[in-house]
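A short write-up of the structure that comes next.
All figures in this text were calculated on a predicted structure; none of them were measured in a lab. Numbered from 1 within each chain, the chains take letters A, B, ... in sequence-line order.
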There are 2 protein chains.
Amino acid sequence: MHVLIIEDEKSLHHEVQQFLVQSQYLVDSAYTYAEASEKIFVNSYDFVLLDLGLPGGDGLDLLREARRNDRQEASFIILTARGAIDDRVKGLDLGADDYLPKPFSLLELQSRMQAITRRKFGLKRQELTFGNGFQLDATGRTLRYHDQDVALTKKEFDLLHYLLLHKTRVLTRLQLGEHLWGNVLEDDSDSNYIDVHIKNLRKKLGQFAPADFLETVRGIGYRMAGDN
Amino acid sequence: MHVLIIEDEKSLHHEVQQFLVQSQYLVDSAYTYAEASEKIFVNSYDFVLLDLGLPGGDGLDLLREARRNDRQEASFIILTARGAIDDRVKGLDLGADDYLPKPFSLLELQSRMQAITRRKFGLKRQELTFGNGFQLDATGRTLRYHDQDVALTKKEFDLLHYLLLHKTRVLTRLQLGEHLWGNVLEDDSDSNYIDVHIKNLRKKLGQFAPADFLETVRGIGYRMAGDN
DNA sequence: ACGGCCCCATGCACGTTCTCATTATCGAAG
DNA sequence: CTTCGATAATGAGAACGTGCATGGGGCCGT
């Protein structure tokens, strides 16, 4: 999951960053309006944490811009100073997904992000199931097949998780690269490392059950089949 | 175990503090509302001892704030003046775990804390068992393997105890650092002292039985496996 | 002052990720 | 049905990152 932190206050920024990195998110940083604007335009994120009191411009403009051309599918969480109710209302009007009054604890941030993810993908529980017996727990970062653990590396897990969230949708290598590796859009790297990870994933899953649910869509990308 | 004492009356505060430090807790202190508020938001605790008659604000607000979308996983124990029944009721309503009418004995405090710990982790007895023959007694701070004592240092014991309480859950170095060393998040110490303690622990336990129940989760942290 | 414990620095070992060369497979066109 | 170009899968190994082992120094309590 690719997250952008927009916050000018250094220590808070750093704290949140550390926490998210530890929690296995892929984190980008912006400290000013200009920086944020560029990154939002160039990259594609799953979450944007947006502080409003930015040097160089009104943070809400960023949200407005991003929502206008829906190239940015990120969920926005607004970080407001305590009591700035106006900003909250305006933010939610503009399509923010949630707001978080400062000061907030990291646990709270985490649970909001999880809640948003669940809402966004219409999940009821934290676990994702697929392929007749596999069960992925995003919080514990574990995968099980009928009660036995399946050991995956970090990248393998992230890849599987992302495919699973967008089940039945075809994901291009570009999209996977952006959200899981933070690659910029245009670098058409002739590398095939995503293919390699797909292969490794199939191999590991294949030890338990035929991994035909992870389909190749020739010329486009990969896709996780829905259950039947 | 990380404890925050919120109490403005100096001598009582000091007395409790001394006692808890002696009992091998990791103790933080707050004497005012503002101080308490900051510490609660920055750190993560296992217990918060909360006096309600605070200078600078109503202590119940702290509890309310903390409980609003699980900001803190800490257990709150409210310290009430004798007879202030209203506060007790309000406190328990807001999700306090217990209350303690002043004056109270330190032994009583200790037994309440132990009771809460047992409740929180669903334990019936005081002892935690694991790895086919090990038995950890939290009160006596002793570890035995089939009736023979295993000598552990303070940090080794605390580490083992904490992992055991959260059995099957992966604990990051960050979490261990916060709860056992009281580290704040931002010091990104690239130190490996937690690894060292893990190693020493494994070595000591390994003298009695294979210590494979203490698993490494690469890139994340450590985890105590459940018994089979 | 002494001993033990805790923290830190270093070097090594191993697992993970990525690159590259090669082989297999697909799909369109003849 | 066959051929051919494009695309994907594979295997091997290089580069990188992370955890583990070890020993020394400093700090604390006795």
Original post:
Starting at the 5' end of DNA chain C, which residue's closest nucleotide do you reach first, B:T153 or A:L152?
Top reply: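 With B:T153 and A:L152 compared, the 5'-side residue is B:T153.
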**OP:** Over 60° means perpendicular and under 30° means parallel, so classify the ring planes of B:Y193 and B:H197, tilted if in between.
**Re:**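 If you compare the ring of B:H197 with that of B:Y193, the planes turn out perpendicular.
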Between atom [atom1] in [X] and atom [atom2] in [N], what is the gap in whole Å?
X: B:L176; N: C:dC7; atom1: CG; atom2: P; value: 13 Å
X: A:K204; N: C:dT17; atom1: NZ; atom2: C1'; value: 12 Å
X: A:I220; N: D:dA8; atom1: CD1; atom2: C1'; value: 14 Å
X: B:N200; N: D:dG23; atom1: CG; atom2: P; value: 12 Å
X: A:K154; N: D:dG17; atom1: NZ; atom2: P; value: 12 Å
X: A:L180; N: C:dC18; atom1: CG; atom2: P; value: 11 Å
X: A:D158; N: C:dT16; atom1: CG; atom2: C1'; value: 13 Å
X: B:H197; N: C:dC8; atom1: NE2; atom2: C1'; value: 11 Å

Subject >> Distance-only donor-acceptor test (3.5 Å): side chain A:N192, base D:dT10 >> reply: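 For A:N192, whose side chain was compared with the base of D:dT10, there is a donor-acceptor pair (under 3.5 Å).
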[X], nearest nucleotide to its side chain (from [options]):
X: A:R218; options: C:dA9, D:dT7, D:dC20; result: D:dT7
X: B:K199; options: D:dA9, D:dA21, D:dC20; result: D:dA21
X: B:K155; options: C:dC18, C:dC7, D:dA8; result: C:dC7
X: A:W181; options: C:dC18, C:dC14, D:dC20; result: C:dC18

I'd like to know whether [atom1] of [X] has more than 12 heavy-atom contacts from other residues, nucleotides or ligands below 6.0 angstrom.
X: A:E38; atom1: CD; answer: no
X: A:D149; atom1: CG; answer: yes
X: A:D137; atom1: CG; answer: yes

Distance test, side-chain N/O of [X] to OP1/OP2 of [N], below 4.0 Å:
X: B:R202; N: D:dC20; result: yes
X: A:T216; N: D:dA8; result: no
X: B:S191; N: C:dC8; result: yes
X: B:Y222; N: D:dC20; result: yes
X: B:R173; N: D:dT18; result: no

Pairs under 3.5 Å (N/O, protein and nucleotides 25-30 of chain D):
none

Can you give the donor-acceptor pairs under 3.5 Å from side chains of residues 19-27 of chain B to other protein atoms, not counting sequence neighbours?
residue	atom	partner	partner atom	Å
B:S23	OG	B:F19	O	2.9
B:Q24	OE1	B:K154	NZ	3.4
B:Q24	NE2	B:Q22	O	3.2

Original post:
Looking at side-chain heavy atoms only, is the closest gap between B:M224 and B:T168 below 4.5 Å?
Top reply: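 Side chain of B:M224 against side chain of B:T168, heavy atoms only: no contact under 4.5 Å found.
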Original post:
Are the side chains of A:Q110 and A:M113 in touch, meaning some heavy atoms are under 4.5 Å apart?
Top reply: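 In short, these two side chains do not touch, never coming nearer than 4.5 Å.
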Subject >> Axial cation check for A:F47 ring with A:K120, 6.0 Å and 45° limits >> reply: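 Because its charged atom sits under 6.0 Å from the ring centre and within 45° of the axis, A:K120 does stack over A:F47.
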Original post:
Taking the nucleotide of DNA chain D with the closest heavy atom to each, which residue, A:K203 or A:V217, is nearer the 5' end?
Top reply: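 So the residue in question is A:V217.
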Original post:
On DNA chain D, nearest-nucleotide positions of A:V196 versus B:D195: which is more 5'?
Top reply: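 That would be A:V196.
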